[in-house]
There are 2 protein chains.
Amino acid sequence: MASVENTQEVDQLVRAKESAFLEFIQSKGLKTTRQRSTIVQVFFRMRGHISVEELLREVKLVNPKIGYATVYRTLHLLVASGLVEERRFGDGLARYEGRSEVEHHDHMICLECGQIFEFFNPRLEALQEKLAEENNFKIYRHRLELYGICKDVESCQHKKEMAARKAHKATGG
Amino acid sequence: MASVENTQEVDQLVRAKESAFLEFIQSKGLKTTRQRSTIVQVFFRMRGHISVEELLREVKLVNPKIGYATVYRTLHLLVASGLVEERRFGDGLARYEGRSEVEHHDHMICLECGQIFEFFNPRLEALQEKLAEENNFKIYRHRLELYGICKDVESCQHKKEMAARKAHKATGG
DNA sequence: ATAATTATGATAACGATTATCGCATTTAAA
DNA sequence: TTTAAATGCGATAATCGTTATCATAATTAT
């Protein structure tokens with residue numbers, strides 16, 4: 001679900017993000033540690049909407065001694081630095097996003113296979129602003145999520161897994 | 001935050017919702033109990049986006065023996081029946097909505113006072129549908145939340161409480 | 001190098017929600 | 001209206017994601 005890549009482009013991006021993070025860390029008088037560096041590098045090599053567990057799994061491949069707490073703490077720092085956004089899609093766990101194609105975007109979430117698509121539309125943004133203004137409301141941030149079935153419905157990788165999980169959960173209702 | 005009312009109109013609405021719930025309960029072969037009846041009546045007398053704790057508090061005024069578990073269970077049944085919607089606004093707890101002015105609506109959430117406003121705009125809905133279709137995505141449901149500052153910013157009731165809470169939480173950051 | 005500060009890792013604590021289980025209540029049938 | 005089977009209840013233990021704690025380790029400025 002969250003793959004790791006290795007290309008020159010990615011290396012460059014990771015270096016840029018890492019130095020931006022270093023700058024943040026130093027500006028706050030915090031310390032630069034091996035663990036933080038590892039976590040940041042691994043995080044920005046991953047694609048998608050990454051959960052703590054997914055990240056920890058990848059991090060442990062590099063340094064198995066790094067634990068939950070440090071991953072949580074570093075993710076909080078990444079969010080505080082503005083390099084990463086925290087999202088919650090209602091499955092009860094936080095997901096983190098640091099490599100979007102577009103700066104701001106909304107989400108379409110497939111209920112069948114769990115895939116998450118990003119999209120952006122300026123008319124949508126403008127309309128929201130207009131509606132807010134009409135109500136004397138000043139928007140700081142917003143969240144739009146469309147839940148449904150994605151175009152790959154026939155080839156959804158996790159279709160059967162999800163169905164099995166549903167059937168399991170439904171036991172007793 | 002979630003007040004209880006007592007008017008003839010409300011009585012009528014509560015009766016209608018309750019009978020709809022009974023219908024659902026019976027169609028599923030479940031049992032009609034005093035507790036469920038109490039919880040449903042109390043719930044539909046309340047306004048706003050109600051948390052489990054808020055509901056339990058009100059329920060206990062009618063029947064103090066009713067516990068957490070039954071309130072949770074009944075809320076799940078209400079959601080399953082389609083009479084109630086579950087919402088999560090990112091403060092970590094579920095809120096339930098059973099008496100909206102409009103059938104579907106989106107939300108503006110004031111970060112200062114915590115007030116939640118509902119709104120609906122057909123152009124917004126249409127635009128979402130259009131964008132989904134362009135991506136071959138079929139929307140089942142969606143969620144749009146605008147977070148910001150509301151028009152009552154000067155008179156926000158909970159302004160100070162929130163500020164105090166923030167200050168408390170910020171200890172250690 | 002040293003001292004002060006901050007971070008780490010293991011795990012306990014937390015808060016919301018869910019599961020468990022013995023007992024009570026409801027329902028359908030007799 | 002009793003009876004028997006099924007379902008629901010209340011109290012609370014368990015769970016899950018996340019946060020706090022604390023002794024030890026690493027980093028930084030001197």
Side-chain angles (χ1 to χ4, degrees), chain A residues 21-40 49-57 59-60 62-81 84 86-96 165-166 168-173, chain B residues 21-22 24-40 49-57 59-60 62-81 84 86-96 165 168-173:
Chain A
F21 184 62
L22 273 180
E23 206 170 313
F24 170 80
I25 285 290
Q26 286 166 358
S27 79
K28 292 283 177 184
L30 305 175
K31 292 175 177 173
T32 61
T33 67
R34 295 170 204 293
Q35 291 91 333
R36 281 177 182 167
S37 178
T38 299
I39 292 167
V40 169
H49 302 78
I50 302 158
S51 70
V52 173
E53 206 170 297
E54 284 170 345
L55 178 55
L56 180 67
R57 196 186 310 140
V59 163
K60 277 199 180 290
V62 178
N63 179 354
K65 303 197 75 174
I66 292 177
Y68 264 101
T70 305
V71 170
Y72 270 104
R73 284 186 286 232
T74 305
L75 279 170
H76 290 330
L77 288 173
L78 281 165
V79 170
S81 77
V84 166
E86 181 180 307
R87 307 254 180 209
R88 286 171 182 276
F89 295 115
D91 56 352
L93 47 84
R95 292 180 178 280
Y96 297 87
R165 208 178 301 174
K166 269 183 203 168
H168 180 65
K169 277 203 175 179
T171 305
Chain B
F21 184 62
L22 273 180
F24 170 79
I25 286 290
Q26 287 167 357
S27 78
K28 293 283 179 185
L30 305 175
K31 291 176 178 172
T32 61
T33 67
R34 296 171 204 291
Q35 290 93 333
R36 281 177 183 166
S37 179
T38 298
I39 292 166
V40 169
H49 302 78
I50 303 157
S51 70
V52 173
E53 206 169 295
E54 285 170 344
L55 178 55
L56 181 66
R57 195 185 310 139
V59 163
K60 278 200 180 292
V62 178
N63 179 355
K65 304 197 74 173
I66 293 177
Y68 264 101
T70 304
V71 170
Y72 271 105
R73 284 186 285 232
T74 305
L75 279 170
H76 289 330
L77 288 173
L78 281 165
V79 170
S81 77
V84 167
E86 181 180 307
R87 307 254 179 208
R88 285 171 183 277
F89 295 115
D91 56 351
L93 47 83
R95 292 180 178 280
Y96 296 86
R165 208 178 301 175
H168 180 67
K169 277 201 174 179
T171 307

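Side chains included, hydrogens not; waters and symmetry mates left out as well; all remaining heavy atoms used. Order of the sequence lines fixes the chain letters, A, B, ..., with proteins taken first and strands second; residue numbering starts at 1 for each chain.
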Does a side-chain N or O of A:Tyr72 approach OP1 or OP2 of D:dT19 to a distance below 4.0 Å, or not? no

For B:Thr32 and C:dT27, is the shortest distance between a side-chain N/O and OP1 or OP2 below 4.0 Å? yes

Report yes or no: does B:Arg73 contribute a side-chain atom to a donor-acceptor pair with the main-chain N or O of B:Tyr68 at less than 3.5 Å? no

Quick one: A:Leu55 CG to D:dT18 C1', roughly how many Å, whole number? 15 Å

Can you confirm whether B:Leu75 sits close enough to B:Val52 that some side-chain heavy atom of one is under 4.5 Å from a side-chain heavy atom of the other? yes

If the plane angle is over 60° it's perpendicular, under 30° parallel, otherwise tilted; pick one for A:His76 and A:Tyr72. tilted

In this structure, how many angstroms lie between the P atom of C:dT18 and the CD atom of B:Glu86, rounded? 8 Å

For B:Gln26 and for B:His76, locate the closest nucleotide of DNA chain C by heavy-atom distance; then report the residue assigned to the nucleotide nearer the 5' terminus. B:His76

Rounded to the nearest Å, what distance is computed from the CG atom of residue A:Leu93 to the C1' atom of nucleotide C:dG15? 16 Å

When rounded to whole Å, the CD to P distance for the pair A:Glu54 and D:dT18 reads 12 Å

Under 4.0 Å protein heavy-atom contact, by nucleotide of nucleotides 8-13 of chain D - B base, S sugar-phosphate only: SBBB--

Taken in chain and number order and not counting sequence neighbours, the residues that satisfy ring pair (Phe, Tyr, Trp, His ring centres under 6.0 Å) with B:Phe89 are B:His49, B:His107

Are B:Lys65 and B:Lys60 close enough that some pair of their side-chain heavy atoms sits under 4.5 Å apart? no

Write down the distance between CZ (B:Arg88) and P (D:dT18), rounded to a whole number of angstrom. 12 Å

Using side-chain heavy atoms (C-beta onward) and a distance below 4.5 Å, is B:Leu78 in contact with B:Phe21? yes

